[in-house]
Engineer: 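The structure is given below, and queries will be raised subsequently.
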Amino acid sequence: MTMNYWLLKSEPDQFGYHHLTSAPKKRTIWDGVRNYQARNILRDQVKVGDLAYFYHSSCKIPGIAGICRVTKVGLIDPSSLDPESPYYDPKSSLDNPRWITIEVEAIRALSRVIPLKELHQHEALQNMVLLNRSRLSVQPVSQTEWDYIEEQIIAADR
DNA sequence: GCCAACGTTGGC
DNA sequence: GCCAACGTTGGC
């Protein structure tokens, strides 16, 4: 069986990692993604059991804040069907849903946010999607990159 | 708040 | 299907 790794962006002012850890069952539906490439990844590639970095964007110190695990896939994004939601999409419906997403569960917060600036400094991470396609809000992390970050950055903090 | 990068829309 | 105009993301 193959294991996939991902990076999910969220603005901590709206929903930070601590929101996830204090949510019921430490879980949340990853709603509000309205970019087709990101949607396609969520719909077609992300599997239950995959791990993901929870990344804080558009904030004072952008970076990786925690780790989460995928608990459900193939969910219709509820916000897309809710006329009250800022993410409402009138072109989406229950019968023909346009925005498919996942549920994730908090695994652990990192002892510190690993700043984007720091990731940039590692030669081994120069090919990370995060450092090259900065606007994609759901993106793959390679096994090599994941292992490097775990071993060289996260473990080094302990 | 600025602005570069880049995604989306819509006229043709 | 092209591409100009426009909107959004996100680091700084």
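Numbers restart at 1 for each chain; the letters A, B, ... are given by sequence-line order, proteins then strands.
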Engineer: Nearest whole angstrom, please: distance from the P of B:dA5 to the NZ of A:K9.
Structural biologist: 15 Å

Engineer: Identify whether any heavy atom of A:K117 sits under 4.0 Å from a base atom; if not, whether one sits that close to sugar-phosphate; answer base, sugar-phosphate or nothing.
Structural biologist: nothing

Engineer: Got a donor-acceptor contact below 3.5 angstrom from the A:T71 side chain to the A:E103 backbone?
Structural biologist: yes

Engineer: So which nucleotide from C:dG10, B:dG7, C:dG11 ends up closest to the side chain of A:R133?
Structural biologist: B:dG7

Engineer: Quick test of your reading of the model: are A:D157 and A:R112 salt-bridged, counting only N-O distances below 4.0 Å?
Structural biologist: yes

Engineer: Return the value, rounded to whole Å, for the distance between atom CG of A:N35 and atom C1' of B:dC6.
Structural biologist: 10 Å

Engineer: Under 4.0 Å between a Lys/Arg side-chain N and an Asp/Glu carboxylate O for A:E150 and A:R108?
Structural biologist: yes

Engineer: If I take atom NZ in residue A:K60 and atom P in nucleotide C:dC12, what distance separates them, rounded to the nearest angstrom?
Structural biologist: 15 Å

Engineer: Nearest to the side chain of A:S58, which nucleotide is it out of B:dC6, C:dG10, B:dT8?
Structural biologist: C:dG10

Engineer: Could you give the CG-to-P distance, from A:L130 to B:dC6, as a whole number of Å?
Structural biologist: 14 Å

Engineer: Can you find a heavy atom in the side chain of A:K9 that is under 4.5 Å from one in the side chain of A:F54?
Structural biologist: no

Engineer: Rounded to whole Å, please give me the gap between NE2 in A:H120 and C1' in C:dC12.
Structural biologist: 11 Å

Engineer: Would you say a side-chain N or O of A:Y36 is under 4.0 Å from OP1 or OP2 of B:dC6?
Structural biologist: no

Engineer: Mind calculating the distance between CG (A:L8) and P (C:dG10) to the nearest angstrom?
Structural biologist: 12 Å

Engineer: Between A:R34 and C:dT8, does any side-chain N or O lie under 4.0 Å from OP1 or OP2?
Structural biologist: no

Engineer: Could you state the CG-P distance from A:N132 to C:dG10, rounded to the nearest angstrom?
Structural biologist: 15 Å

Engineer: Tell me the interatomic distance from A:H56, atom NE2, to C:dG11, atom C1', rounded to whole angstroms.
Structural biologist: 16 Å

